[in-house]
Number of protein chains: 2
Amino acid sequence: MKSKILKTAEEMIRNGGYNAFSFRDIAAAVGIKSASVHYHFATKEALVCAVVEHYSEDFFTFLSKQAATATDAHSKLDAYCKSFLLAYTSTGKSCLCGILSNEVCSLPDSVRACLNQFVEANMDWLMNALSELPNIESRRTKARLFYTALEGAIATSVLTNDAVWVESVSAQLLKDLKNG
Amino acid sequence: MKSKILKTAEEMIRNGGYNAFSFRDIAAAVGIKSASVHYHFATKEALVCAVVEHYSEDFFTFLSKQAATATDAHSKLDAYCKSFLLAYTSTGKSCLCGILSNEVCSLPDSVRACLNQFVEANMDWLMNALSELPNIESRRTKARLFYTALEGAIATSVLTNDAVWVESVSAQLLKDLKNG
DNA sequence: GTCTATAATTTGATAGAC
DNA sequence: GTCTATCAAATTATAGAC
């Protein structure tokens, strides 16, 4: 039941953010009462932190599989782009952490901390994928571009209901990687 | 008073999105009662549409000034990047339309339409700035990358409380423009 | 244009039975 | 673990006086 709640909460947050769902919504969706949801997660803050952590784990597990056979930077980053594309196409929804990042000024500090960890984990993964580049500052800058562009692209794909944003941005990022 | 309400609503939405403010919040901030806010804007939906339209006008007015003396693509796009940077540094907040785009699945259709117009207006501006590039598909793809990357960057700058995301992404985008 | 008053609903959270 | 029942507060919105 706990994981069923997490899954449902993730879906609902990805539909409209922190304030777009209630404990009663979750309860109805999983077939229990809201008081029972509170048994599993004492507060909304705690629930959302757990959702972010769970989402992050899933994301990097999937990413590892996608990049399992990749040996060079280009194919690793191609796998990174494909992870964002599939995150969109499989649900029609945006990135959980992208959505919550945009609301951060009105979120509890604990959620902010979880989101920062997701960003750092993305940067670590990207920096590692780019390790064949000699200059560390150039690596960092390219990593930042990949992360922010794909976050922006998945949000715009949801808005316009068109995968072309993620697809097109991915293609351009990989092309610029070769040239630069 | 109407414009005072618009300004306050913009500020509050940029702090946490559609569901992170109430008519009472607005009323208290501008010094009237919530019923009086309803006199100016019948519904929350109408208020938010007006805020998006007002924000869009301001954004492009500012952008025009920034790019007034720019003659080539590179300097025009430099002005575009600087507009995002200033949108962040002057407020510490993200882009209004980036925030709302992320919540779009739970927003009224009329707001979605306003947001789509903002994206289209950005694409039009960028396509025009890139008009010296021969290939139209390549122009479109580059335009998409600039818009999405800066939207993602400003959100991440807010999350981490660090302008480096917008600055660094801007620099890389302009660098890749020269190379590709 | 702004007010008071209020309707109708929803929210996060708790107490206590089973 | 799940339930019923409930609380205190907040929400969008409206009616009608001034």
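Each chain gets a letter, A, B and so on, in the order its sequence line appears, and its residues count up from 1. For the numbers below, each heavy atom of this structure counts, side chains included, while hydrogens, waters and symmetry mates do not.
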So, is [X] close to the [N] phosphate, meaning a side-chain N or O under 4.0 Å from OP1 or OP2?
{"X": "B/Lys33", "N": "C/dT2", "result": "no"}
{"X": "B/His40", "N": "C/dT2", "result": "yes"}
{"X": "A/Ser22", "N": "C/dT11", "result": "yes"}
{"X": "B/Tyr39", "N": "C/dG1", "result": "yes"}

Any carboxylate oxygen within less than 4.0 angstrom of a Lys/Arg side-chain nitrogen, looking at B/Arg140 and B/Glu137?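 Looking at B/Glu137 together with B/Arg140, the answer is yes, because their closest N to O distance falls below 4.0 Å.
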Between atom [atom1] in [X] and atom [atom2] in [N], what is the gap in whole Å?
{"X": "A/Asn19", "N": "D/dT12", "atom1": "CG", "atom2": "C1'", "value": "15 Å"}
{"X": "B/Phe41", "N": "C/dG1", "atom1": "CZ", "atom2": "P", "value": "12 Å"}
{"X": "B/Asp25", "N": "D/dA10", "atom1": "CG", "atom2": "C1'", "value": "10 Å"}
{"X": "A/His38", "N": "D/dC7", "atom1": "NE2", "atom2": "P", "value": "17 Å"}
{"X": "B/Lys44", "N": "D/dA13", "atom1": "NZ", "atom2": "P", "value": "8 Å"}
{"X": "A/Arg24", "N": "D/dA10", "atom1": "CZ", "atom2": "P", "value": "16 Å"}
{"X": "B/Lys2", "N": "C/dG1", "atom1": "NZ", "atom2": "C1'", "value": "12 Å"}

*Check against ring-ring contact (aromatic ring centres under 6.0 Å, His included), B/Phe84 and B/Tyr80*: CA-CA 7 Å; B/Phe84 273 83; B/Tyr80 185 77; 5.3 Å; yes
Is NZ or CZ of B/Lys7 both nearer than 6.0 Å to the six-membered ring centre of B/Tyr55 and within 45° of the ring axis?
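Negative - B/Lys7 is either too far from the ring of B/Tyr55 or too far off its axis.
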*Could A/Lys93 and A/Tyr88 be counted as a cation-pi pair, given that NZ or CZ must be under 6.0 Å from the ring centre and within 45° of the axis?*
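Judged by the rule (NZ or CZ under 6.0 Å from the ring centre, within 45° of its axis), A/Lys93 is not positioned above A/Tyr88.
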>> Quick one about B/Asn116 and B/Glu120 (side-chain donor to acceptor, distance below 3.5 Å, no hydrogens or angles considered), yes or no?
In response: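 Distance-only check fails for B/Glu120 and B/Asn116.
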inquiry  = Does B/Ser36 reach a base, just sugar-phosphate, or nothing at all? Heavy atoms under 4.0 Å.
reply    =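 Since a base atom lies under 4.0 Å of B/Ser36, the category is base.
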- Query: Counting any heavy atom closer than 4.0 Å, what does B/Phe21 reach on the DNA or RNA strands: base, sugar-phosphate only, or nothing?
  - Reply: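 Sugar-phosphate, backbone atoms only, no base.
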Would you indicate which nucleotide in C/dG1, C/dA13, D/dT11 comes nearest to any side-chain atom of A/Phe23?
->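 Among C/dG1, C/dA13, D/dT11, the one nearest the side chain of A/Phe23 is C/dA13.
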Which residue, B/Ala35 or A/Ile32, contacts DNA chain D at a nucleotide closer to its 5' end, judged by nearest heavy atom?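 With B/Ala35 and A/Ile32 compared, the 5'-side residue is A/Ile32.
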